[in-house]
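The analysis underlying the following values was restricted to heavy atoms, covering all of them including side chains, and did not include hydrogens, waters or symmetry mates. To find a chain, count down the sequence lines: A is the first, B the second, and so on, and within it residues start at 1.
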Amino acid sequence: MNINKGKVMAKTFTDLVVNIIKNIPRGKVTTYGMIAICAGNPRGARQVAWILHSSSTKYDLPWHRVVNRHGEISFRPSLDFSLQRCLLEEEGVMFDNRGRVDLAENLWWP
DNA sequence: GCATTGACTCTAG
DNA sequence: CCTAGAGCCAATG
């Protein structure tokens with residue numbers, strides 16, 4: 001009856017973060033801090049960011065739906081930067097003139 | 001096992 | 001609004 005009898009369930013912070021990000025609905029965004037809190041580490045926002053940029057190629061994560069606390073893309077402008085904004089706009093997320101999204105409308109909370 | 005790094009967040013000025 | 005410093009945790013070398 002135990003589905004997690006062996007090694008199925010994710011127990012590590014990283015796996016938990018990955019699981020949360022994969023559950024982000026389309027058209028919504030969330031922050032590193034939110035994910036970190038849900039994963040059990042309110043101070044682990046950096047790890048969330050690290051996981052995204054480092055493991056985005058390993059895991060199939062919608063990294064473009066993850067933004068910083070200001071609702072803005074964190075890393076410096078690049079191809080991926082434009083890609084993230086494009087993907088979010090495709091999902092109906094509107095950006096401010098300063099490149100920020102309206103967290104009051106688009107912030108997703110598990 | 002230690003030192004460095006990182007797409008963060010918070011507080012203070 | 002912007003800058004500076006400190007804190008926190010995990011992966012990498």
Side-chain angles (χ1 to χ4, degrees):
Chain A
M1 63 300 269
N2 287 344
I3 61 176
N4 62 346
K5 183 177 181 180
K7 56 190 184 307
V8 178
M9 296 297 287
K11 298 297 184 182
T12 63
F13 174 75
T14 301
D15 288 342
L16 190 54
V17 169
V18 170
N19 185 28
I20 294 170
I21 295 172
K22 290 174 70 173
N23 279 280
I24 300 173
R26 179 176 177 279
K28 291 287 184 178
V29 298
T30 189
T31 66
Y32 300 98
M34 289 293 181
I35 297 168
I37 292 169
C38 294
N41 289 319
R43 310 299 186 201
R46 310 185 75 173
Q47 280 56 262
V48 176
W50 191 96
I51 292 164
L52 260 64
H53 83 79
S54 181
S55 300
S56 60
T57 57
K58 296 179 181 177
Y59 302 94
D60 184 11
L61 302 177
W63 56 271
H64 55 271
R65 295 190 185 130
V66 183
V67 294
N68 66 8
R69 78 176 192 275
H70 298 294
E72 164 187 22
I73 300 171
S74 301
F75 56 88
R76 296 170 63 185
S78 65
L79 295 177
D80 288 343
F81 182 95
S82 299
L83 178 62
Q84 179 167 15
R85 178 170 173 168
C86 182
L87 290 170
L88 291 176
E89 289 180 332
E90 287 289 306
E91 296 184 353
V93 178
M94 298 303 177
F95 278 79
D96 193 324
N97 291 333
R98 295 169 58 231
R100 304 193 309 187
V101 302
D102 187 353
L103 293 177
E105 296 297 324
N106 297 297
L107 179 62
W108 174 73
W109 179 261

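Between the CD atom of A/E72 and the C1' atom of C/dC2 there is a distance of 13 Å, given to the nearest Å. Whole-Å rounding puts the A/F13 CZ to B/dG6 C1' distance at 13 Å. One atom, CD1 of A/I51, and another, P of C/dC8, lie 19 Å apart when rounded to the nearest Å. Nucleotide C/dC8 holds its P atom 22 Å from the OH atom of A/Y32, rounded to whole Å. For A/W50 and B/dT4, the CH2 to P distance is 18 Å, given to the nearest whole Å. Rounded to a whole Å, the CG atom of A/L16 is 13 Å from the P atom of C/dA11. Summarising the geometry, the separation between CG on A/N41 and C1' on C/dA10 is reported as 9 Å, rounded to the nearest angstrom. One atom, CG of A/D15, and another, C1' of C/dA11, lie 13 Å apart when rounded to the nearest Å.
Ranking B/dC8, B/dG6, B/dC10 by closeness to the A/A45 side chain, first place goes to B/dC8.
Partner of A/V18 under the side chain to side chain contact (heavy atoms under 4.5 Å, CB included) criterion, chosen from A/T12, A/N23, A/I51: A/I51. Screening A/H64, A/R100, A/Q84 for a side chain to side chain contact (heavy atoms under 4.5 Å, CB included) involving A/I73 leaves a single residue, A/Q84.
Relative orientation of the A/W63 and A/F75 rings is tilted, given thresholds of 30° and 60° on the angle between their planes.
When heavy atoms are screened at a 4.0 angstrom cut-off, A/G33 is found touching the sugar-phosphate backbone but no base atom.
Between A/S74 and B/dC8 there is a side-chain polar atom (N or O) within less than 4.0 angstrom of OP1 or OP2. When the side-chain nitrogen and oxygen atoms of A/T14 are compared with OP1 and OP2 of C/dA11, one or more of them lie within a distance under 4.0 Å.
On a pure distance criterion of 3.5 Å, a polar donor-acceptor pair joins the side chain of A/R46 and the base of B/dC8.
Nearer the 5' end of DNA chain C, as judged by each residue's closest nucleotide, is the contact made by A/G44, out of A/S54 and A/G44. Along DNA chain B, the nucleotide nearest A/R43 and the nucleotide nearest A/V66 are compared for position; the residue whose nucleotide lies closer to the 5' end is A/V66.
Considering every non-hydrogen atom in both A/T30 and A/L107, the closest pair reads CA-CD1, 3.7 Å.
Note on A/W108 and A/I37: separate hydrophobic clusters, where clusters join Ile, Leu, Val, Met, Phe, Trp and Tyr whose side-chain heavy atoms are under 4.5 Å apart, directly or indirectly.
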